[in-house]
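Report on the structure given below.
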Amino acid sequence: KQEVTQIPAALSVPEGENLVLNCSFTDSAIYNLQWFRQDPGKGLTSLLLIQSSQREQTSGRLNASLDKSSGRSTLYIAASQPGDSATYLCAVLSSMEYGNKLVFGAGTILRVKS
Amino acid sequence: KAGVTQTPRYLIKTRGQQVTLSCSPISGHRSVSWYQQTPGQGLQFLFEYFSETQRNKGNFPGRFSGRQFSNSRSEMNVSTLELGDSALYLCASSLESAEKLFFGSGTQLSVL
């Protein structure tokens, strides 16, 4: 059974700092991995999707890497801003599953102080 | 292009009642997935529909059911509500399965 763990559970940083969020998964047989952000009381916004054959994806100040063999992914946020404050969720799609049955981590709550 | 629309936004029901939640995916998206989010269990997959067929199902009791119409709109039904069904129910759509998911704002269900 696939399990996804995110560390740290919460993070508070001053504005402008670069930061790294970690995600680990127990079964390396994945199809893809997605990073999402969720604002309080809202739905999820997809940030980056990495296919199992890829090593990293970049979008603006965000960079996500994937090391499938070690079961790890990191989300790097450069020059953090107060608007980045949200919960960040990692989700994996196992290659043994059919369709969009994602397994989510519990998330990292990020607070960027101005 | 309109996003994923979920209705209603909030719902209050009592134990034993049933409820129907609605989801309109992004135009052209054929896959619609449903997820339950609670503080204790986090986000859990309920089921996915693709071209009106259930493609996959999570580990939820048979009280949870869904369907998809020919226009890709989907409904989720929960019968005989229990207190533990209180949660944020999220719908997500994608063009095809295993692609980037677009989530709606969710329906916050409270069971009293």
Side-chain angles (χ1 to χ4, degrees), chain A residues 1-7 9-10 23-25 27 29-54 57-59 62 64 66 68 86-109, chain B residues 3-7 9-10 21 23-26 29-51 53-60 66 68 74 87-110:
Chain A
K1 178 188 172 188
Q2 179 75 270
E3 292 182 2
V4 179
T5 304
Q6 291 187 245
I7 295 173
C23 171
S24 61
F25 45 94
D27 185 352
I30 67 169
Y31 190 82
N32 62 39
L33 182 147
Q34 291 189 61
W35 282 94
F36 296 88
R37 72 172 275 170
Q38 184 175 30
D39 294 284
K42 300 287 183 62
L44 280 66
T45 301
S46 180
L47 299 172
L48 292 163
L49 182 151
I50 311 177
Q51 301 293 352
S52 62
S53 58
Q54 297 175 318
Q57 280 286 335
T58 298
S59 176
L62 305 179
L66 174 65
K68 203 174 65 166
T87 297
Y88 290 79
L89 295 147
C90 163
V92 300
L93 178 62
S94 293
S95 56
M96 298 301 292
E97 293 287 353
Y98 194 52
N100 279 332
K101 187 177 181 179
L102 298 181
V103 177
F104 281 85
T108 294
I109 302 171
Chain B
V4 178
T5 304
Q6 290 190 248
T7 57
R9 185 71 180 91
Y10 300 96
L21 311 181
C23 172
S24 293
I26 292 173
H29 285 194
R30 296 193 292 167
S31 169
V32 175
S33 306
W34 288 89
Y35 288 82
Q36 180 197 65
Q37 186 174 31
T38 60
Q41 299 296 316
L43 272 151
Q44 293 185 289
F45 174 81
L46 281 157
F47 30 65
E48 180 198 3
Y49 286 87
F50 188 91
S51 295
T53 301
Q54 188 178 88
R55 177 167 279 191
N56 208 335
K57 192 177 189 305
N59 297 321
F60 280 83
Q68 186 180 31
S74 177
L88 179 65
Y89 289 89
L90 293 162
C91 166
S93 74
S94 62
L95 202 58
E96 300 285 343
S97 286
E99 293 190 356
K100 186 175 179 178
L101 281 184
F102 294 83
F103 279 81
S105 297
T107 294
Q108 184 68 54
L109 172 65
S110 297

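Quick note on labels: first sequence line is chain A, next is B, and so on, each numbered from 1. Bear in mind that the values here come from a model prediction, so they are computed numbers and not experimental data.
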Region of A:Leu48 that comes under 4.5 Å of a non-hydrogen atom in chain B: neither

Under 4.5 Å from any heavy atom of chain B, what part of A:Leu49 do you find: side chain, backbone, both or neither? side chain

What's the shortest heavy-atom distance between A:Gly43 and B:Leu90, and which atoms? CA-CD2, 3.8 Å

Correct closest heavy-atom pair for A:Lys101 and B:Lys57 would be NZ-O, 3.8 Å

Chain B contacts, top residue of A:Lys42, A:Gln34, A:Gln51 (heavy-atom pairs, under 4.5 Å): A:Gln34

Not counting sequence neighbours, which residues clear ring-ring contact (aromatic ring centres under 6.0 Å, His included) with B:Phe60? List them please. B:Phe64

Tell me, please, which residues at least two apart from B:Phe103 pass ring-ring contact (aromatic ring centres under 6.0 Å, His included). A:Phe36, B:Tyr35

Taking side chain as everything from C-beta outward and backbone as N, CA, C, O, which of these in [X] sits under 4.5 Å from a heavy atom of chain A? Side chain, backbone, both or neither.
| X | answer |
| --- | --- |
| B:Leu88 | side chain |
| B:Gln37 | side chain |
| B:Gln108 | neither |

Mind ranking B:Ala92, B:Ser105, B:Ser31, B:Cys91 by heavy-atom pairs under 4.5 Å with chain A and telling me who comes out on top? B:Ser105

Between CZ on residue B:Phe102 and OG1 on residue A:Thr45, distance to nearest 0.5 Å: 10.0 Å

Within this structure, what is the CG-CD distance for the pair A:Leu102 and B:Glu48, rounded to the nearest 0.5 Å? 9.0 Å

